[in-house]
Amino acid sequence: MEIRMASKVSFLSLKWALLLLLSAGALTALFCATSHLPDTTAEHVKSGVIPMDVLYPMRRLNALRSDPLRTKVDALFKQAKDQIAAANAYAFNVRKSKLEMMKEVRLLSEQAETLKKLINRPQNRALLAAHMVNSEHLRAFEKEVKDRIQLSKQLIVEAKEYFDSQLRVQKLKDAIFFVNDQLTKAKKQGAYASLIAAKSIPQSLNCLSTRLMEERISNPSKYIDTRDPAPQFEDPNIYHYAIFSDNVLAASVVVNSAVANAKEPEKHVFHVVTDKMNFWAMKVWFIMRPPNNTTHIEVKAVEDYTFLNSSYVPVLRQLESANLQKFYFENQMENATKDATNMKFRNPKYLSIMNHLRFYLAEMYPKLHKILFLDDDVVVQKDLTALWELDLEGKVNAAVETCFGSFHRYDNYMNFSHPLIKERMNPKACAWAYGMNFFDLDAWRKERCTEEYHFWQNNNENRLLWKLGTLPPGLITYYKTTKPIDKSWHVLGLGYNPNIDQEKIETAAVIHYNGNMKPWLDLAMKQYKHYWTRYVDFEMEFIQSCNFGY
């Protein structure tokens, strides 16, 4: 019994000895930790106020006997910091997205700043390091923090809804802008492609010219004309037409349709002028397939008129300019579509002498008194001899006016901010159509119209008066010398307008396929095409072999 009691006392003595040693070890560790800290820190330790960012070792030791409120303090500070980060993140994203939310950005920034000041107050920072957390101070701090966090969260919820809506709107705006940009580019590319298609010679027409040249090479003796020009070519007492074209089939339709509707076809003379490349194809065609045996057709090359050279003709001289060559002959589409509103005028044909021959009629046909000019994209549907009976009242040009409302007035074609234009013309003067124009050549010579044209063309080398083409210089040249005629003489728009009244077409003396949808192209409007194709001869073997598809 005594031995058992002695053993029990000995066990208890060892237990208390171990506890004393552990306590001594903890105190020693605390002493060692504080002995290596700066003096100021040591003072904080003594006072019971220890900064969190300085006394991490101390915090770990204090954790052994931490205040139950410590967890709440840490959670409050973490909540506040998280809310500050959230508010700043929303404000940053709004600024970055450049949305119209300046009020929301200001409120969020204010809340983030208020929370930041709240947790950085010295008395609040002291809660992190206090040995014992003051419960009253903690409750006041908790209430203020939660109120601020609640307000900030409410602002974020409201801002988030608005932000998301604004972001969606902005994304939609960006998408619309991108699509519009792509659409604009596609329209330019489409317009450019359409322009190329409209102004290019189709393979079928090239084939026709090639077959005609083959015919001429195979039978040279049939096409050598050693006779003197027919006297009818210079007879002022019969009806003369001028047709300038490099398109064999188109010129043929103009002649065939005019002859088919003429009451006295033997009194009609057609002066067809083409370029040197197409001269023999044009000549062979009309020798092989004249519209009848009585109508007179003169085919000449523009090079036969030797006075038309760069020393006399402004457009030929201007084509020698490096600036104009760059403007017209740059072959990159992005350059060709820079001036999108007037892209068609970048076609070099608008400075082609073939297109400007109409301003030299009085000199090309010096023995004639009157002449009817026809474009190669027209079809004649009635006898036109009544035009020679019109009283032009001393005017040079008889034409159909095209203005209605504010459309097709002079200010649509010319730059009225330029003093030369502004001083001499009325911007609201009515424009008229080129394509079927009856000219009094005697009045032309009297009014010195060619000299007038030269004056204006020379002054437009830099394209400051108008954007090139032949209608603007025509409107200027014949500004005071044009007589309007009835609209039934000349109906326009069959190359671009699908809504022309059919009765107007049927009753018109001349219909005009002005625009890109020419009747010899695949893109022609089908409802108008048959007016042109009925004058195309299907019987010729080389036409059929070219597969026109009419």
Side-chain angles (χ1 to χ4, degrees), residues 225 227-246 251 254-255 258-259 262 264-276 278-279 282-283 286 290-291 294-309 312-316 352-376 378 380 384-390 392 394-399 434-454 457 470 473-474 477-478 481-483 510:
D225 191 357
R227 298 174 296 173
D228 293 331
Q232 290 85 354
F233 293 163
E234 297 180 344
D235 184 353
N237 298 312
I238 56 179
Y239 310 113
H240 292 265
Y241 300 76
I243 303 167
F244 306 141
S245 176
D246 58 2
V254 178
V255 173
V259 171
E264 299 177 286
E266 69 279 2
K267 292 185 179 181
H268 294 256
V269 179
F270 295 88
H271 302 272
V272 180
V273 181
T274 187
D275 54 27
K276 193 172 184 179
N278 292 284
F279 171 72
M282 193 80 76
K283 195 168 184 69
F286 284 111
T294 58
T295 301
H296 307 282
I297 302 173
E298 178 190 43
V299 178
K300 297 187 75 171
V302 66
E303 289 80 7
D304 294 334
Y305 298 94
T306 56
F307 71 92
L308 296 173
N309 53 61
Y312 181 64
V313 178
V315 292
L316 292 179
S352 163
I353 186 58
M354 283 291 296
N355 213 37
H356 286 255
L357 284 178
R358 63 192 71 189
F359 294 105
Y360 298 96
L361 288 167
E363 293 167 282
M364 294 171 70
Y365 309 105
K367 295 185 179 181
L368 301 183
H369 302 310
K370 296 179 179 180
I371 195 166
L372 178 62
F373 169 76
L374 294 175
D375 266 343
D376 65 357
V378 306
V380 179
L384 302 178
T385 54
L387 288 169
W388 276 261
E389 298 171 6
L390 286 176
L392 297 189
K395 304 292 187 182
V396 176
N397 172 35
Y434 249 140
M436 193 214 74
N437 304 85
F438 187 72
F439 290 105
D440 184 330
L441 299 182
D442 292 333
W444 179 312
R445 298 178 188 106
K446 181 181 177 181
E447 296 290 340
R448 302 173 65 87
C449 290
T450 301
E451 288 82 352
E452 181 78 1
Y453 159 71
H454 281 178
Q457 192 68 45
T470 52
T477 300
Y478 309 112
T481 59
T482 295
K483 178 181 174 63
V510 172

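Sequential numbering from 1 along the given sequence is applied to the chain's residues.
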J.: Measure the spacing between OH of Tyr239 and CG of Leu387 and express it to the nearest 0.5 Å.
T.: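 Answer rounded to 0.5 Å: 10.5 Å.
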
J.: Could you tell me whether the side chain of Asn437 and the main chain of Gly435 form a donor-acceptor pair under 3.5 Å?
T.: yes

J.: Is there side-chain contact between Val259 and Val380, with at least one heavy-atom pair below 4.5 Å?
T.: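 Of all side-chain heavy-atom pairs linking Val380 with Val259, none is under 4.5 Å.
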
J.: Using 0.5 Å steps for rounding, measure from the CD atom of Gln457 to the NE2 atom of His454.
T.: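 Output value for this atom pair is 8.5 Å.
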
J.: Rounded at 0.5 Å granularity, tell me how far CG in Asn278 sits from NZ in Lys283.
T.: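 Asn278 atom CG to Lys283 atom NZ measures 14.5 Å (nearest 0.5 Å).
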
J.: Could you tell me which non-hydrogen atom of Val396 sits nearest to which non-hydrogen atom of Glu447, and how far apart they are?
T.: CG2-CG, 3.9 Å

J.: Using a 4.5 Å cut-off on heavy atoms from C-beta on, say whether the side chain of Lys370 contacts that of Phe438.
T.: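 A side-chain contact exists here, since the closest heavy-atom pair is under 4.5 Å.
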
J.: Taking the six-membered ring for Trp, are the ring centroids of Tyr241 and Trp388 within less than 6.0 Å of each other?
T.: yes

J.: Quick one: are the ring centres of Phe439 and Tyr478 less than 6.0 Å apart?
T.: yes

J.: Looking only at heavy atoms, which two atoms of Met436 and Leu374 are closest? And how far apart?
T.: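 The answer is CG-CD2, 3.5 Å.
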
J.: Check for a donor-acceptor pair, side chain of Thr481 on one end and backbone N or O of Asn397 on the other, with a separation under 3.5 Å.
T.: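 Side chain of Thr481 to backbone of Asn397: no pair is present.
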
J.: Report all side-chain donor-acceptor pairs from residues 361-369 shorter than 3.5 Å, counting only partners two or more places apart or in another chain.
T.:
residue: Glu363; atom: OE1; partner: Tyr312; partner atom: OH; Å: 3.1
residue: Glu363; atom: OE2; partner: Tyr312; partner atom: OH; Å: 2.5
residue: Lys367; atom: NZ; partner: Glu234; partner atom: OE1; Å: 3.2
residue: His369; atom: ND1; partner: Asp442; partner atom: OD1; Å: 3.4
residue: His369; atom: ND1; partner: Asp442; partner atom: OD2; Å: 3.1

J.: Is it true that, when you exclude Lys483 itself, more than 12 heavy atoms of the residues, nucleotides or ligands shown sit nearer than 6.0 Å to its NZ?
T.: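 Yes - once you tally the heavy atoms of other residues, nucleotides and ligands closer than 6.0 Å, there are more than 12.
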
J.: Any chance you could measure Ile297, atom CD1, to His268, atom NE2, to the nearest 0.5 Å?
T.: 12.5 Å

J.: Just verifying a value: how many Å separate Ser352 OG and Leu357 CG, rounded to the nearest 0.5 Å?
T.: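 Output value for this atom pair is 7.5 Å.
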
J.: Honestly, is Lys300 close enough over Phe279, meaning NZ or CZ under 6.0 Å from the six-membered ring centre and within 45° of the axis?
T.: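 Verdict for Phe279: no cation-pi partner in Lys300.
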
J.: Kindly compute the distance separating OG1 (Thr274) from CG (Asp376), expressed to the nearest 0.5 Å.
T.: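 Result: 9.5 Å between the selected atoms.
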
J.: Looking at Asp375 and Val254, what are the two nearest heavy atoms and their distance?
T.: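 Scanning both residues, the minimum pair turns out to be O-CG2, 3.6 Å.
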
J.: Side-chain contact test, heavy atoms from C-beta onward, threshold under 4.5 Å: evaluate it for Val255 versus Phe286 and give yes or no.
T.: yes

J.: Report yes if some heavy atom in the side chain of Tyr305 is under 4.5 Å from a heavy atom in the side chain of Tyr360; otherwise report no.
T.: no

J.: So which heavy atom on Thr477 is nearest to which on Cys449, and how close?
T.: CG2-O, 3.4 Å

J.: What is the minimum heavy-atom distance between Val302 and Asp275, and which atoms define it?
T.: CG1-CA, 4.3 Å

J.: For residues His271 and His240, determine if any side-chain heavy atom of one lies less than 4.5 Å from a side-chain heavy atom of the other.
T.: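 With C-beta onward as the side chain, the pair touches.
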
J.: Flag the pair Tyr453 / Trp444 as yes when their ring centroid distance falls below 6.0 Å, and as no otherwise.
T.: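 Here the rings of Trp444 and Tyr453 have centres that are no less than 6.0 Å from each other.
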
J.: Are there over 12 heavy-atom neighbours, none belonging to Arg445, within less than 6.0 Å of that residue's CZ?
T.: yes

J.: Report yes or no: is the cationic atom of Arg358 (NZ for Lys, CZ for Arg) closer than 6.0 Å to the six-membered ring centre of Tyr434, at no more than 45° off its axis?
T.: yes

J.: Taking the side chain as everything from C-beta on, heavy atoms only, tell me whether Val272 gets closer than 4.5 Å to Phe244.
T.: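 No; the side chains remain at least 4.5 Å from each other.
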
J.: Is any side-chain heavy atom of Val510 less than 4.5 Å from a side-chain heavy atom of Val378?
T.: yes

J.: Has the side chain of Glu303 got a donor or acceptor atom that lies under 3.5 Å from a matching backbone atom of Lys276?
T.: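 Judged by distance alone, yes, a pair lies under 3.5 Å.
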
J.: Checking Asp304 side chain against Ala301 main chain: does a donor-acceptor pair fall under 3.5 Å?
T.: yes

J.: Quick one: are Val269 and Ile238 in side-chain contact, heavy atoms under 4.5 Å?
T.: yes

J.: Hey, does the side chain of Thr295 reach the backbone of Pro265 with a donor-acceptor pair shorter than 3.5 angstrom?
T.: yes

